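For reference, the structure discussed in these notes is given below.
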Protein chains: 2
Amino acid sequence: MTDPLDAAILRVLAVDARATFAQIGQQVSLSAPAVKRRVDRMRADGVIRGYTVRLDPAALGWQTEAFVELYCQGSTSPATMRAAVEQYPEVVAASTVTGDVDLMVQVRARDMRHLEQVVERLAAEPFVSRTRSTVVLSALVRRPDVMP
Amino acid sequence: MTDPLDAAILRVLAVDARATFAQIGQQVSLSAPAVKRRVDRMRADGVIRGYTVRLDPAALGWQTEAFVELYCQGSTSPATMRAAVEQYPEVVAASTVTGDVDLMVQVRARDMRHLEQVVERLAAEPFVSRTRSTVVLSALVRRPDVMP
DNA sequence: TTTGAAAACACTTCGAC
DNA sequence: GTCGAAGTGTTTTCAAA
């Protein structure tokens, strides 16, 4: 499905998704049209979901980040959790997890006051029985998805 | 620093970082050169860190994801933690955090066996006193960085 | 099937306004 | 900020490995 050449192309795109097909081709020893065809195929196959910009959160006013663990009532469906949590622009990611906690939510806020408000609103969701927040002190590593 | 027009441009780039300046311009009512100048400025200012591809982890063989909390020995510097954790290609993100836990590490592995190996290696790091892993059941929300 | 070369088309980029 | 021209990149076509 994705041979070593595809993987090499993805590595280049992971570092710079706006690289030209010719630039990518130079790094993987392929012509621009050959690269484009492979990229088009991976896009169609769903291996490539899209391209996005990497921003400096601090420069945009996001100063505070936290992991908020939600303990949910017994029979809350993932769909319900998702629908609720998706509404929050402050929610960067959310996953159902094993263990005591039911839902792990990553929140980005302007400051502590803002974070507090978001956590309060999350805690007030009907299916949430209690929350536990862990504030991020500093982000040491942040990598785009890589190959296995 | 970033006016509403810049924010609009970033929103377009967040959805499709390979959009042409002309396409972006159409969505924000600006000419292509005007968009380019703003993008160049945000790039120079560090607001835009770069562009990356969004991949389907499962399609690439990453089937398992987990939050691994590391409890570290009293006086371990963030630099030490970072240097150690950065070595692992399986580590997607790592942050120092408040609370009992010292380091929150997000790991992506091929399968449970692979995850287990990674956790064991992390636990064997000299400064790690104990670990606690939470496996992701399903990713409900995953958003690129957005505006405050 | 997949590739590379060439041509037509679109975008980027820069100077002038 | 826009406009227009010159340089690049993209995309299609086609022939070959």
Side-chain angles (χ1 to χ4, degrees), chain A residues 1-62 143-148, chain B residues 1-63 89 110 142-148:
Chain A
M1 189 156 184
T2 62
D3 62 20
L5 228 44
D6 287 338
I9 291 170
L10 292 179
R11 269 192 295 273
V12 177
L13 282 174
V15 173
D16 179 13
R18 281 184 78 93
T20 67
F21 293 128
Q23 289 171 334
I24 301 168
Q26 216 156 25
Q27 296 194 50
V28 304
S29 305
L30 229 56
S31 68
V35 173
K36 182 194 184 308
R37 275 190 293 260
R38 281 168 176 270
V39 169
D40 286 348
R41 196 199 68 231
M42 289 190 280
R43 184 83 226 247
D45 288 352
V47 173
I48 294 177
R49 288 196 174 155
Y51 309 93
T52 193
V53 62
R54 291 190 299 116
L55 300 170
D56 180 2
L60 288 164
W62 299 107
R143 253 203 288 265
D145 295 345
V146 273
M147 309 298 103
Chain B
M1 190 159 185
T2 60
D3 61 21
L5 229 42
D6 286 339
I9 290 170
L10 293 178
R11 267 191 297 272
V12 177
L13 283 173
V15 172
D16 179 13
R18 280 185 80 92
T20 67
F21 293 131
Q23 289 171 334
I24 301 167
Q26 215 157 26
Q27 295 194 51
V28 304
S29 306
L30 231 55
S31 67
V35 173
K36 182 192 185 312
R37 269 199 294 267
R38 281 169 176 269
V39 169
D40 286 347
R41 197 199 65 233
M42 288 191 281
R43 183 85 226 247
D45 289 353
V47 174
I48 292 177
R49 289 196 173 154
Y51 309 92
T52 193
V53 62
R54 291 189 299 117
L55 300 171
D56 179 2
L60 289 163
W62 299 106
Q63 301 275 13
R110 283 188 300 277
R142 196 119 315 179
R143 256 204 285 264
D145 295 345
V146 273
M147 310 297 102

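In what follows, chains carry the letters A, B, and so on, assigned in the order in which the sequence lines appear, proteins first and then strands, with residues in each chain numbered from 1. None of these values were measured; they are calculated from a predicted model.
- Distance CD1/B:Ile24 to CZ/B:Arg38: 12.5 Å, rounded to 0.5 Å.
- Checking each of B:Arg43, B:Met42, B:Lys36 against B:Asp40 for a side-chain contact (heavy atoms from CB on, under 4.5 Å) leaves exactly one that passes, namely B:Lys36.
- Between B:Gln63 and B:Arg110, the closest heavy-atom pair is CB-O, 3.0 Å.
- Contact record, B:Val28 with B:Ala8: CG1-CB, 3.7 Å, taken as the closest heavy-atom pair.
- Contact between A:Ala32 and A:Ala22 at its shortest, heavy atoms only, is CB-N, 3.9 Å.
- Among the protein residues, B:Ile24 comes within range of no part of the nucleic acid, since none of its heavy atoms lies under 4.0 Å from any strand.
- Looking at A:Asp16 and A:Arg11, no side-chain N of the basic residue comes within less than 4.0 Å of a carboxylate O on the acidic one, giving no salt bridge.
- Between the side chain of A:Asp3 and the backbone N or O of A:Leu5 there is at least one donor-acceptor pair closer than 3.5 Å.
- Here the closest non-hydrogen pair linking B:Arg54 and B:Val15 is NH2-O, 4.4 Å.
- Using five terminal pairs a side, the axes of the helix from C:dT1-D:dA17 to C:dC17-D:dG1 at its two ends make an angle of 30°, given in steps of 10 degrees.
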- request: Could you please spell out the steps behind the side-chain contact (heavy atoms from CB on, under 4.5 Å) verdict for A:Tyr51 and B:Thr52?
  value: CA-CA 6 Å; A:Tyr51 309 93; B:Thr52 193; over 6 Å; no
Per-nucleotide protein contact string for nucleotides 6-17 of chain D, where B marks a base within reach and S marks sugar-phosphate only (heavy atoms under 4.0 Å, - for neither): ---SSSBB----
message: Run the side-chain contact (heavy atoms from CB on, under 4.5 Å) test on A:Gln23 and A:Val12 for me, step by step, so that the C-alpha distance in whole Å, both residues' side-chain angles and the decisive distance to 0.1 Å come before the verdict.
response: CA-CA 9 Å; A:Gln23 289 171 334; A:Val12 177; over 6 Å; no
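- Read 5' to 3', the first and last nucleotides of DNA chain C with an atom closer than 4.0 Å to a heavy atom of chain B are C:dC11 to C:dC14.
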